Amino acid sequence: MAKKLTEKALVKKLNTMGQEELIKVISDLFKTNKAAEVRLNLMFLGEEYGNTLLEKYKKQLYKIFNPSNIVRTGFSLEKAQMVLSDFADMCGKGRWYGDLALYFAECATDFTMSYGDINEKFYDALGDAYHDAVAMASEDEELYQLWKDRLEYIYHEFSGFGWGMDEFITEEYDSLPWVVED
């Protein structure tokens, strides 16, 4: 079985190619790989494209967490997690992913408040998404300011709530270096 290229070997190979060959390689990736297409669009089109893509994925999550007839269609945590995972695969774990992870946590919070206690797997997913958003907001005060109300909303909603989520959310929220105790 042939060995795969390492990143270093790939860069070395790309450095030997001419401009037309590089354009062909990138164009082929763009046409055949959805993640490459999205990454290149983000790179070249920036904010507007990123925000449009984010809204598309938020709508998908909204539909999953808010089905028109939950008795008939049910709820699928796996589908919601797949939306978040697909977005991360395409966009990386940058600001847009953090925003979608926070939206996932908001939707899961609203779902919990509407339908009551869920289960440990559900809360693990909610906690993971909230943690990812908190980690990004911890590294960037601008993101924290942008997401402050949303982060606080989840923190307040889970105050005193079961399954240990209140302690977890409180620890995560309190880990934000920008939070000032009153």
Side-chain angles (χ1 to χ4, degrees), residues 26-115 118-158 161 165 168-169 172-173 175-176 178:
I26 294 168
S27 295
D28 286 347
L29 279 173
F30 184 86
K31 288 187 280 187
T32 61
N33 185 299
K34 183 72 173 168
E37 176 190 332
V38 168
R39 290 272 177 112
L40 289 168
N41 275 301
L42 284 170
M43 189 182 305
F44 294 119
L45 303 177
E47 282 296 306
E48 188 175 342
Y49 179 81
N51 290 333
T52 300
L53 188 66
L54 176 63
E55 289 308 311
K56 174 184 170 187
Y57 277 78
K58 280 183 175 182
K59 285 178 184 175
Q60 289 177 28
L61 283 178
Y62 183 85
K63 284 181 182 180
I64 293 168
F65 280 102
N66 300 282
S68 58
N69 185 345
I70 196 161
V71 174
R72 179 176 288 150
T73 59
F75 167 75
S76 173
L77 177 61
E78 291 76 21
K79 282 183 185 176
Q81 288 176 301
M82 186 59 71
V83 169
L84 191 58
S85 176
D86 287 349
F87 191 80
D89 289 346
M90 287 190 291
C91 296
K93 292 231 174 174
R95 180 179 62 84
W96 286 296
Y97 168 78
D99 196 309
L100 190 66
L102 182 55
Y103 186 73
F104 180 103
E106 288 171 308
C107 288
T109 298
D110 291 343
F111 191 86
T112 300
M113 298 307 141
S114 295
Y115 297 103
I118 313 296
N119 60 34
E120 188 174 355
K121 188 175 177 183
F122 181 88
Y123 291 123
D124 285 346
L126 189 164
D128 289 345
Y130 190 74
H131 170 80
D132 288 349
V134 166
M136 286 180 198
S138 292
E139 294 174 9
D140 184 337
E141 189 174 6
E142 263 186 55
L143 278 183
Y144 169 71
Q145 291 301 327
L146 188 64
W147 298 343
K148 180 180 187 269
D149 293 341
R150 297 167 64 195
L151 292 163
E152 284 178 359
Y153 167 76
I154 295 167
Y155 168 73
H156 289 299
E157 286 296 302
F158 273 101
F161 206 76
M165 275 310 287
F168 178 82
I169 296 294
E172 288 291 320
Y173 183 78
S175 75
L176 287 158
W178 326 111

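The structure displayed is predicted, hence computed values, not measured ones. The analysis underlying the following values was restricted to heavy atoms, covering all of them including side chains, and did not include hydrogens, waters or symmetry mates.
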Show me the pairs that pass side chain to side chain donor-acceptor pair (under 3.5 Å) and involve residues 124-138, at least two apart or across chains.
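Applying side chain to side chain donor-acceptor pair (under 3.5 Å) to every pair that reaches into residues 124-138, excluding sequence neighbours, yields Tyr97-Asp132, His131-Glu172.
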Pair listing, side chain to side chain donor-acceptor pair (under 3.5 Å) test, anchored in residues 77-90, at least two apart:
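As it turns out, the side chain to side chain donor-acceptor pair (under 3.5 Å) pairs with a partner in residues 77-90, which skip direct neighbours, are Glu78-Lys121.
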Asn33 side-chain N/O to Leu29 backbone N/O, donor-acceptor pair under 3.5 Å
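No; judged by distance alone, with no hydrogens or angles, the pair does not exist.
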May I ask you to decide if Phe87's main-chain N or O and Trp96's side chain share a donor-acceptor pair within less than 3.5 Å?
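Side chain of Trp96 to backbone of Phe87, a donor-acceptor pair under 3.5 Å: no, none is there.
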With side chains defined as the heavy atoms from C-beta onward, is the minimum distance between [X] and [Y] less than 4.5 Å?
X: Glu55; Y: Thr52; answer: no
X: Met136; Y: Trp147; answer: yes
X: Asp99; Y: Lys58; answer: yes

Nearest 0.5 Å, please: how far is [atom2] in [Y] from [atom1] in [X]?
X: Lys59; Y: Asn66; atom1: NZ; atom2: CG; answer: 14.0 Å
X: Leu100; Y: Glu106; atom1: CG; atom2: CD; answer: 10.5 Å
X: Leu176; Y: Glu139; atom1: CG; atom2: CD; answer: 11.0 Å
X: Asn41; Y: Leu53; atom1: CG; atom2: CG; answer: 9.0 Å
X: Met165; Y: Phe168; atom1: CE; atom2: CZ; answer: 6.0 Å
X: Tyr173; Y: Ile154; atom1: OH; atom2: CD1; answer: 11.0 Å

With a cut-off of 6.0 Å (strictly less than), are more than 12 heavy atoms of other residues, nucleotides or ligands near CE of Met113?
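Yes, the 6.0 Å shell around CE holds more than 12 heavy atoms from other groups.
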Tyr153 and Asp110: CA distance, side-chain angles, deciding distance, side chain to side chain donor-acceptor pair (under 3.5 Å) verdict
CA-CA 10 Å; Tyr153 167 76; Asp110 291 343; 2.3 Å; yes
Strictly under 6.0 Å, is that where the ring centroids of Phe65 and Phe104 end up?
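Yes, they do, as the ring centres are separated by less than 6.0 Å.
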Taking all atoms of both residues into account, what is the closest heavy-atom pair of [X] and [Y], and its distance?
X: Leu126; Y: Phe158; result: CD1-CZ, 3.6 Å
X: Cys91; Y: Val38; result: SG-CG1, 3.9 Å
X: Arg39; Y: Ala88; result: NH2-O, 4.2 Å
X: Met90; Y: Lys34; result: SD-CG, 3.6 Å
X: Ala133; Y: Gly98; result: CB-O, 3.8 Å
X: Ala80; Y: Leu61; result: O-CD2, 3.5 Å

Classify the ring geometry between Phe122 and Phe111 as parallel (under 30°), tilted (30 to 60°) or perpendicular (over 60°).
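Aromatic pair Phe122/Phe111 classed tilted.
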Check ion pair Glu47-Arg95 (N to O, under 4.0 angstrom)
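A salt bridge links Glu47 with Arg95.
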